[in-house]
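One structure below.
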Number of protein chains: 2
Amino acid sequence: MGRRKTYERDDVTERAMRLFWERGYHATSTRDLTEAMGLNPGALYAEFGSKEGLYLEAIRRYESTVVPGHFATLEAPGASLEQVRAVLNFMGGMGAYDGSHLGCLLCNAGIELAPTLEQSEASTARFLDRLTRAFGHALENARAGRRLAEDAPVDELARFFPTVLMGIFVLARARVDAAVMRAAADQALARLASVTAQGRGGPAPVA
Amino acid sequence: MGRRKTYERDDVTERAMRLFWERGYHATSTRDLTEAMGLNPGALYAEFGSKEGLYLEAIRRYESTVVPGHFATLEAPGASLEQVRAVLNFMGGMGAYDGSHLGCLLCNAGIELAPTLEQSEASTARFLDRLTRAFGHALENARAGRRLAEDAPVDELARFFPTVLMGIFVLARARVDAAVMRAAADQALARLASVTAQGRGGPAPVA
DNA sequence: CGGATAGCATAACGATCGCTATTCTACAAT
DNA sequence: ATTGTAGAATAGCGATCGTTATGCTATCCG
């Protein structure tokens, strides 16, 4: 009974996510949000409880839609060297895309709010852990398939690559020259190449 | 003529810088600032013009005091492989220090304010460029001294290392496990080792 | 068709924001 | 000692913040 909602939760959450992503938490007012989401303050608070609640919901949406969009292949059970390379390659080329200046919402959230909002710090740590597991899994697969050297430092590489990605996200948001991102990703790939089975002991890889 | 100031500009700027560093721009109010700096609002505005002016001054102070504290050796004319390794090593061990959760003010500024404050974006880009030049210079020295392979990709490495550092700063602020930072730095060092003169064609370096 | 009710639209709440005006005080010059 | 002035201290400005209360409207149930 009663009136029907004129919005869908997913849709308005998406809009809020994009605004937080672009401007950050504090620089986005609840009036900006209601306007972009196309709903009145009452509806916002009935639906999400608070600005903080909406922010955390936006983070959840990011984790469940944007992150898989970029890392689903890497997280697939059969992921191996190709998927590791593809992810690094893609992120290295990110500077060429419109919208790359947004960076990564989870990275941004960690920087802006880690000292004051525990759940924000946690989301960044969770993201890092997720990436580390994904890279680790794919690298393990590669080693099991004898495509990596026996003693390749899989765990360290699995921690290294996400860190490089975080660095690239920072560069992207600061609108640094795309060539820097490209070079960073290429050097990470070169490190990987130096522990691949055929690359082992060969000439220094990458130009 | 008239009354004497009861503060020193350097001192209050330092205090403001530390507060901005810890909390970010928006989460630091002018009341927080006046309290921490030990001066009244009038003095703050007479001295710095605005909150934004004070922030930019804090950034300048960071660039002229904190940055050299960490990178002076790398920026020295004679810097070579040792200095490159030392910087990466130090940043890799940063997680062990109290206060590492602050991250890097310039990195934080880029993430939080790049979309809305041009000068903040510029400061991050400037920092990146500065690091790139420093690494590039040191690596050039190393190559000239035949300590790097002839065809070592100096320019790419010089762009790669600062990116890794940015990633480590993000991790630090999100209080990620210190071992991740250590691993990231170690893998960057391993990439370097693979293009050093004696490392060339040898076994895959680093455990 | 006529309550009951859930959601929309609007206004406005108290608090805090960045910033400024005012008043008082300490020091320098005469 | 008097006076002019720069700075300190305080109060408070208008604006905006996150949030909530109020009245109106559309829909469901009987």
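Quick note on labels: first sequence line is chain A, next is B, and so on, each numbered from 1. Side chains included, hydrogens not; waters and symmetry mates left out as well; all remaining heavy atoms used.
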Interatomic distance where CG belongs to Asn40(B) and C1' belongs to dT25(C) [whole Å]: 12 Å
For atom CG of Leu39(A) and atom C1' of dT19(D), their distance in whole Å: 15 Å
Nearest-angstrom distance from the residue atom CG of Leu44(B) to P of dT10(D): 16 Å
Distance in angstrom units between Arg4(B) CZ and dA9(D) C1', rounded: 20 Å
Identify, residue by residue, the members of residues 48-55 of chain A with a heavy atom below 4.0 Å from DNA chain D, and return them in order of residue number, or none. Ser50(A), Lys51(A)
d(Arg159(B) CZ, Asp129(B) CG) to nearest 0.5 Å is 9.5 Å
Assign each of Gly42(B) and Thr6(A) to its nearest nucleotide of DNA chain C by heavy atoms, then name whichever residue's nucleotide is nearer the 5' end. Thr6(A)
Assess the side chains of Ser194(B) and Arg191(B): does a donor N or O sit below 3.5 Å from an acceptor N or O? yes
Not counting sequence neighbours, which residues clear side-chain hydrogen bond (donor to acceptor under 3.5 Å, both in side chains) with Tyr97(B)? List them please. none
Looking at Tyr45(B), does any N or O in its side chain come under 4.0 Å of the phosphate oxygens OP1/OP2 on dC19(C)? yes
Check: Arg3(B) side chain, dT25(C) base, donor-acceptor under 3.5 Å: yes
In terms of side-chain heavy atoms, does Glu47(A) have a donor or acceptor partner in Tyr7(A) at a distance below 3.5 Å? yes
Under 4.0 Å, heavy atom to any atom of DNA chain D: which of residues 18-36 of chain A qualify? Thr28(A), Ser29(A), Thr30(A), Arg31(A)
On DNA chain D, compare the nucleotides closest to Tyr7(B) and Gly2(B); which residue's is nearer the 5' end? Gly2(B)
From the list Asp151(B), Val195(B), Val154(B), Leu81(B), side chain to side chain contact (heavy atoms under 4.5 Å, CB included) partner of Arg143(B) resolves to Val154(B)
Round to a whole Å and report the spacing from CZ of Arg9(B) to P of dA6(D). 18 Å
Is there a side-chain contact between Phe169(A) and Ile111(B), using heavy atoms and a 4.5 Å cut-off? no
Of the listed dA11(D), dC8(C), dT27(D), the closest approach to the Pro41(B) side chain comes from dA11(D)
Nearest heavy-atom contact between Glu22(A) and Arg173(A) is O-NH2, 2.8 Å
Ring of Tyr25(B), cation from Lys51(B) - is the NZ or CZ under 6.0 Å from the centre and inside 45° of the axis? yes
More than 12 heavy atoms of other residues, nucleotides or ligands under 6.0 Å from CZ of Arg18(A): yes or no? no
